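Scroll down for the structure; my scribbles are underneath it.
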Amino acid sequence: MPNPKRSGKPARKSFSREVPFSKLEKKWTKEWGDSGAYEPNRKTAKKPYYNLMMFPYPSAEGLHVGNAYAFIGSDVYGRFKRLQGNDVFEPIGLDGFGIHSENYAIKKGVHPAQQAKVSEKNFYRQLQTIGNGFSWNERLETYDPEYYKWTQWLFVQMWRHGLAYRKKQSVNWCPSCKTVLADEQVIAGECERCGTKVEKRELEQWFFKITKYAEELLKDLDKMDWAEKVKVAQRNWIGKSVGALISFPVHGKLRNIEVFTTRPDTIFGATYLVLAPEHKIVETLKKEAGNEQEIDKYIAVSAKKAESERIAEKKTKTGVELKGVKAVNPANGQEIPIYIADYVVAAYGTGAIMAVPAHDERDFEFAKKFGLTIKTVVSPEKDASASSAPREAFSGDGYLVNSGKFNGRWSEEAKADLVDHVGGKKVSTYRLRDWLISRQRYWGPPIPMIYCEACAAANKGENKEMPGWYAVPEKDLPVKLPMVKDFRPTGSGRSPLSSVESFYKTKCPVCGGKARRETDVSDTFLDSSWYYLRYPNLGMKESKAAVAQNSGTKKTVKLVELPWNAEVTKKWLPVDMYIGGAEHAVLHLLYTRFVAMALNDWGFVGFREPFKVFRAHGLLIKEGAKMSKSKGNVVNPDEYIKKYGADAVRMYLMFLAPLEQGGDWRDAGIMGVVRFLNRAWNIGNGDLAKQKSLSKWLHPSIKKITDDFASLHYNTVISELMIILNRFEKEGAGEKDFKAFLQILSPLAPFLTEELWEKSGEKYSIHRSAWPKFDPKAAEDETVELVIQVNGKVRGRITVSKGLSQNEAQDTAMEIEAVREQVTGRVIRKVIYVPDKILNFVV
RNA sequence: GCCCGGGUGGCGGAAUGGUAUACGCGGAGGACUUAAAAUCCUCUGUCCUCACGGACUUGUGGGUUCGAGUCCCACCCCGGGCACCA
């Protein structure tokens, strides 16, 4: 085989030494579009494979290289799957509704709708340049009325099925965004979007009952093929605790305070009760207490406290006693005081706790501060004489003391009996709260609800508990977001739409009288909670499903349209591979699971979990630091694509590290893959030796590369490709070998490989060709390298035929001088022989 | 505080309990060139040695093993999640 010339002059004059990437990009982008290369037939596809990447919000600064990184990572996988014979569907769209886009528009002083058009165009253009095999025909934008019509429809279904409700409660309020936020959008007391400290406000808001699915959302995780860290985050967020409900009678009248505890075994040590300031019974009890004013003051102060203040306070406990009112410990009949303190969370458990200062750190702090009794009831030693006051809370397990007939028993084991003893009930509670869905903003789908005062007065409505409220009938959707001049958030607790009369004035769908529309819009995460369902169904005929409707007094069942086609949905869903950021663990990924479960319960879809496999891509940083505009170290992918080509940018990004780990971008490093591509280009344009079949040495590489693509270890795919190319240059490339090389390179460098594939006379397109098969038999070698060690240290290597006997191996090894030196004069105590691998003398 | 990841050359990173540092970047030297860039070739963990060669090395300290980056125990550091949730 002729060695390619490496003298500094081109091997042939008919082509450039460098890949003419812009020419190739132009040519093949057009060709792929014209031929529908990435548009599977959604009705007839034989091996449907839904490969999805979280759709981006179109920030107006354009496509961030972090976006490009994730999208390319997802596309490489999609292309790999396509070459394995799957009909890959890889749609793209924009999550353009929401606070983020709106804030940007405000900053620029343009209307969000106008900004959306500009961003959309720019974003799609940029996404086009990265060479992904998107199914461009099935695009969607969440702000398109054709899309949000169905987002509103989803809200209506939540309402009709009893999962949407309106309630006044203390909620998170971002003073900068001037809207309420879901718990999931508050990160360490700060707004997820703008980082402003979140306040508490008592407001009436719309919620979705995600808590109804808490147990299933938790349990399914065990069997899901999802990135482990996301599963862990969801488990933490759902926060299941197994414990008991126990009633404490309040002295004097027939009343009880019910508490939730995970430590019923410590009940003999419960020396006081604590109520959350918002607990309902406080209203009644404070009137009987002698210090109502003091109590009211405390409640007012703690209500105003921001989340961040509470976190900062932590150990400093505050509270106030309900003087003159006492409770009874049901375990021993002792009278105990009742306190109100904001270290007890109203929305968790029952909003009331039994305090066991000896065995709970928080209760201990509180008891010390207020001089309350600290009674030890669990001891690490069996016959402990716990006389002196403990210096700190002991929260471990141990033997019960001071606990009547339970004394001496192991705490953990006695739990159930103690629950029975006081007539308690074993229950589980969850930290998960219902999803706060309404936002006092403009740029979102108006919540499709109507309030009729006349019906409310007559106690009429679709939901008994919420008279006067009606869903906008499905046939009237969408409720279009009006184009208004003043779209800025008001800060009054109401959306800007609340002052747009032409919008909110409407008729009651039941009595026909004057009525008012809901003027809040829904959370962006509702838009994205079902988009994956819409993609494969764009342009398909919508199916229908039966839904019970309750119009005021009479109940009927109606057929309503679904935003999808039943057959297409059955064929393509759930999503086979979903890739996205782990930052959505308890936002998008949890909401979406909840919505899917609800849709399944209503009989609208045939699955409960929307994403079969989820993988979280890592974070892309630059030279060890996070990219940010203020640091001025943001990599603009456009610039590099222009300079080095999309193939090079794709490969470099994927070469940095495993996709799930993230990567560290360094400008200098990209030259490595640029050289690689140029060298491949040169070989492909040179003379290739004729070949009957693939070289033996290529088979193990194909195997490795196939496995590494499947596990998203693209970095080692690339290193292996480099090793192959190095060998081609050294030994000359065979025609069959090189074509296989192009195929396994094609997911990473789609343009160059398509061009060289065409040049080689192969049929269009390489991206629909059949993946080269790894043949274990063809890969077999007769000889192997055996490593010789003495006391575990390498002293030599010998090439031997496979399956050599130990005796033969030992004899051969002894011919090595270094081995003889080490062994001579010493007794060989043991010889470890792993055939075809290692021979170790122990002396 | 609790729960996940992770700690390997100057850098990004490779390594089913069996050759640590693959692949690439960067660096040094050389070839080509009037010169530079590009390209190609050689070397490149640390220490000792003119060299041959040897010793050491995967955050730290122990342990298991013929053999540990990999398994076990304790600890330190970095990144992320949760956090007054009873």
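A, B, ... follow the sequence lines: proteins, then strands. Residue 1 opens every chain. As the structure is a computational prediction, the values presented were derived from the model and not from experiment.
- Counted by atom type alone, A:Thr318 and A:Tyr343 present zero donor-acceptor pairs between their side chains at under 3.5 Å.
- Looking at A:Tyr348 and A:Thr429, their side chains do bring a donor and an acceptor atom within 3.5 Å of each other.
- Residues of residues 658-668 of chain A that place a heavy atom closer than 4.0 Å to RNA chain B, in numerical order, are A:Pro658, A:Gln661, A:Asp664, A:Arg666, A:Ala668.
- Atom OH of A:Tyr69 and atom C1' of B:G12 are 11 Å apart (whole Å).
- Atom-to-atom, CG of A:Asp708 to P of B:A22 comes out at 17 Å; the value is rounded to the nearest Å.
- Side-chain atoms of A:Val232 lie closest to B:C3 of the nucleotides B:A83, B:C23, B:C3.
- With respect to the salt-bridge test (charged N to carboxylate O, under 4.0 angstrom), the residues A:Arg615 and A:Asp225 qualify.
- Within 4.0 Å (heavy atoms only), A:Ile723 reaches sugar-phosphate atoms of the nucleic acid but no base atom.
- Salt-bridge formation is detected for the pair A:Glu731/A:Arg727: a Lys NZ or Arg NE/NH1/NH2 atom is positioned less than 4.0 Å from an Asp or Glu carboxylate oxygen.
- For B:A86, neither phosphate oxygen OP1 nor OP2 lies less than 4.0 angstrom from any side-chain nitrogen or oxygen of A:Tyr343.
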- prompt: Which letters describe nucleotides 65-77 of chain B, given B = protein heavy atom under 4.0 Å from base, S = only from sugar-phosphate, - = neither?
  reply: -B-----------
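- For the OP1/OP2 pair of B:U39 and a distance below 4.0 Å, the side-chain nitrogens and oxygens of A:Asn682 include no atom meeting the criterion.
- Each of A:Ile281, A:Ile246, A:Leu245 was scored for a side-chain contact (heavy atoms from CB on, under 4.5 Å) with A:Glu258, with one residue passing: A:Leu245.
- What separates CE of A:Met654 from P of B:G13 is a distance of 14 Å, to the nearest Å.
- Pairing for B:G9 is absent, judged as Watson-Crick or G-U wobble with the two contacts each under 3.5 Å.
- Under the Watson-Crick or G-U wobble criterion, with both distances below 3.5 Å, B:U33 has no partner in any strand shown.
- Electrostatic pairing of A:Glu184 and A:Arg433 does not count as a salt bridge here, judged by no charged N lying under 4.0 Å from a carboxylate O.
- Across all strands shown, nothing is found opposite B:G67 as a Watson-Crick or G-U wobble partner with both distances under 3.5 Å.
- For A:Ser241, a side-chain nitrogen or oxygen approaches OP1 or OP2 of B:A86 to under 4.0 Å.
- With a cut-off of 3.5 Å on both Watson-Crick or G-U wobble distances, the partner of B:C82 is given as B:G1.
- Between A:Lys793 and B:C56 there is a side-chain N or O to OP1 or OP2 distance below 4.0 Å.
- Pair assignment for B:U42: B:A28, on the basis of Watson-Crick or G-U wobble contacts that are both within less than 3.5 Å.
- Across all strands shown, A:Arg433 has heavy atoms under 4.0 Å from base atoms, whether or not it also approaches the sugar-phosphate.
- Atom-to-atom, CD1 of A:Ile798 to P of B:U19 comes out at 15 Å; the value is rounded to the nearest Å.
- Between B:U64 and B:A68, the two P atoms lie 11 Å apart (nearest whole Å).
- Contact annotation for A:Arg675: backbone-only contact, meaning every heavy-atom pair under 4.0 Å involves sugar-phosphate atoms and none involves a base.
- B:G26 atom P lies 12 Å from atom CD1 of A:Ile670, rounded to whole Å.
- A:Ile353 comes within 4.0 angstrom of a base, heavy atoms only.
- A salt bridge does not link A:Asp183 with A:Arg431: every distance from a Lys NZ or Arg NE/NH1/NH2 to an Asp or Glu carboxylate oxygen is 4.0 Å or more.
- In this structure, B:A15 makes no Watson-Crick or G-U wobble pair, since no nucleotide meets both defining distances under 3.5 angstrom.
- Between the side chains of A:Tyr640 and A:Asp667, at least one donor-acceptor pair of N or O atoms lies under 3.5 Å.
- At the heavy-atom level, A:Asn678 lies nowhere under 4.0 Å from the strands shown.
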